[in-house]
Amino acid sequence: MEQVLVNGLFRRHTLTGVQRYASEITQRWLDWQLPIRVLDPPQSLASTAALHLWEQTLPGFKHRSGLLWSPANSGPLLYKENAVTVHDGAVLSNPEWFSPQYAAWKRFLLPRLIINARAVLTVSDFSKSHLVRWTGVDATNVHVVPNGVDHSFFAPQRNDIARSRLSLLGVDGPYVLCVGSLDIRKNLPRLLRAWEIASVSNVGEHQLVVVGGSPSSLRRMALRSTNSVLHLGYVDDQFLPALYSEATAFAFPSIFEGFGLPVLEAMACGTAVITSRGTPMAEIGGDAVMLVDPFDVEEMANALTTVVGNSELRSRLSAEGLEVASTYTWERSARETWDVIRSLV
């Protein structure tokens, strides 16, 4: 079998859900000694513009051969043997959620890349239907391979080590956790309003702990920690399993996702999840999560109050979540992605 090229631009970006996906799958392919070669941008390239230019030219691409897999929502338009993973089409349907420059570039790039690709991969049926709708791509050329979770890392950790890690972050006492960026679609303002309502009910001394977002984005949104809300900002991966595991519940009321990886990570840690209906999180979690209308603050507040106050419900959601999460592994994702790639070579 001829060598498959992997677009390594993702290795120069901050580790978020998309980069985690690309890293987990690529590493397993390398571990399995599959015939791949990762093309990394040179370290001398520092600016975003320079990195995008590198990707579009893939220096010397005219002299390269072999299928190229681009795993992170972009790829070179002029390379003819493309397979590309597009995680969601939010920038196509809702460009106002992004900076004008980013939205303009992606709305130019993605439809052309998707239409011309040998194969398009995405991470949920929700995302597939969205890409088909907004680009007109043939649905038979879009392959759904869900994300996975590292069960050796994201696993229940309710012990003294977990609690000591939380103390390093300043987390003390019971809490409900939210993990995600501060993008508009993550719906944090509505969650904060719902938490205000729930706080006057029976959530007791619980705090809402919000993980994600840079200091500058926290300042821009004027978000400050209070007695009932603790904003941690960016947290290193090593703390996430403890944060998930020790939480009374995990709230992820995002308006739009391609997959919603934090929901899967929380379930793998045995934590009861509250998330949004009409999204891929409902597709993933099914009956193992509590679903709410992400636009209905009152319903969200009621869900928070119910889950925090009902230990029997939390135990059921925890057990069912663990069972569902066990079916999602990065080994499965890597194998099914390779099956699509191999069919093209």
Side-chain angles (χ1 to χ4, degrees), residues 15-17 153-183 186-254 260-276 281 289-290 292 294 297 300-301 303-309 311 314 317-318 321:
L15 187 66
T16 61
F153 185 70
F154 290 103
Q157 296 186 8
R158 298 182 179 91
N159 50 44
D160 290 339
I161 294 175
R163 283 184 282 276
S164 67
R165 288 188 169 182
L166 296 186
S167 68
L168 293 174
L169 298 173
V171 178
D172 183 22
Y175 63 94
V176 171
L177 179 67
C178 175
V179 173
S181 68
L182 300 182
D183 294 346
K186 301 299 182 180
N187 208 21
L188 183 58
R190 287 191 183 90
L191 176 59
L192 292 174
R193 293 205 300 274
W195 185 253
E196 287 180 4
I197 297 171
S199 293
V200 301
S201 184
N202 66 344
V203 294
E205 297 183 1
H206 280 74
Q207 278 189 310
L208 177 66
V209 174
V210 179
V211 171
S214 64
S216 62
S217 60
L218 288 169
R219 288 193 298 270
R220 187 171 61 251
M221 293 186 69
L223 297 176
R224 296 179 177 85
S225 295
T226 66
N227 288 337
S228 65
V229 180
L230 176 61
H231 295 278
L232 295 181
Y234 174 79
V235 168
D236 191 271
D237 269 10
Q238 65 174 314
F239 294 102
L240 287 178
L243 279 165
Y244 283 126
S245 297
E246 287 289 333
T248 301
F250 177 68
F252 194 75
S254 182
L261 190 55
V263 166
L264 185 56
E265 293 170 348
M267 289 195 297
C269 290
T271 302
V273 172
I274 302 166
T275 191
S276 309
M281 289 84 76
V289 298
M290 175 170 278
V292 298
V297 172
M300 204 183 301
L304 289 165
T305 300
T306 299
V307 173
V308 168
S311 60
R314 291 199 306 275
L317 292 175
S318 172

Any side-chain heavy atom of Val176 within less than 4.5 Å of one from Trp195?
-> yes
Side-chain contact, heavy-atom cut-off 4.5 Å: Val307 with Met290?
-> yes
With sequence neighbours excluded, residues passing side-chain hydrogen bond (donor to acceptor under 3.5 Å, both in side chains) with Ser254 = Glu257
Beyond-backbone contact of Leu208 with His206, side-chain heavy atoms, under 4.5 angstrom = no
What is the minimum heavy-atom distance between Pro253 and Pro294, and which atoms define it?
-> O-CB, 3.5 Å
Determine the minimum heavy-atom distance between Glu246 and Gln157, stating which atoms define it.
-> OE2-O, 3.8 Å
Indicate the atoms forming the closest heavy-atom contact of Phe153 with Asp237, along with that distance.
-> CZ-O, 3.3 Å
Nearest atoms (heavy-atom pairs only) where Leu304 meets Ala251 | CD2-CB, 4.2 Å
Would you say Phe252 and Val179 make side-chain contact, with heavy atoms under 4.5 Å?
-> no
Distance-minimising heavy-atom pair for Ile274 and Ala303 = CD1-O, 3.7 Å
How about Val229 and Leu192: do any of their side-chain heavy atoms sit closer than 4.5 Å?
-> yes
Quiz: residues 168-175 side-chain donor-acceptor pairs under 3.5 angstrom, not counting sequence neighbours:
unit_1, atom_1, unit_2, atom_2, d
Tyr175, OH, Leu243, O, 2.7
Tyr175, OH, Ala247, N, 3.3

Could you list the donor-acceptor pairs under 3.5 angstrom formed by side chains in residues 262-269, with sequence neighbours left out?
unit_1, atom_1, unit_2, atom_2, d
Glu265, OE1, Tyr244, OH, 2.8

Just by distance, do the side chain of Arg165 and the backbone of Pro241 share a donor-acceptor pair under 3.5 Å?
-> no
Results of side-chain contact (heavy atoms from CB on, under 4.5 Å) for Ser181 - residues two or more places apart only = Asp183, Lys186
Atom pair CG (Leu261) and CE (Met281), whose distance is rounded to the nearest 0.5 Å = 11.5 Å
Sorted by chain and number, sequence neighbours left out, side-chain hydrogen bond (donor to acceptor under 3.5 Å, both in side chains) with Arg314 holds for none
Asp236: partners by salt bridge (Lys or Arg N to Asp or Glu O under 4.0 Å), with sequence neighbours left out | none
Counting distance only, does the side-chain N/O of Ser245 pair as donor-acceptor with the main-chain N or O of Ala242 below 3.5 Å?
-> no
Nearest-0.5 Å distance, CD of residue Glu196 to CG of residue Leu191 = 10.5 Å
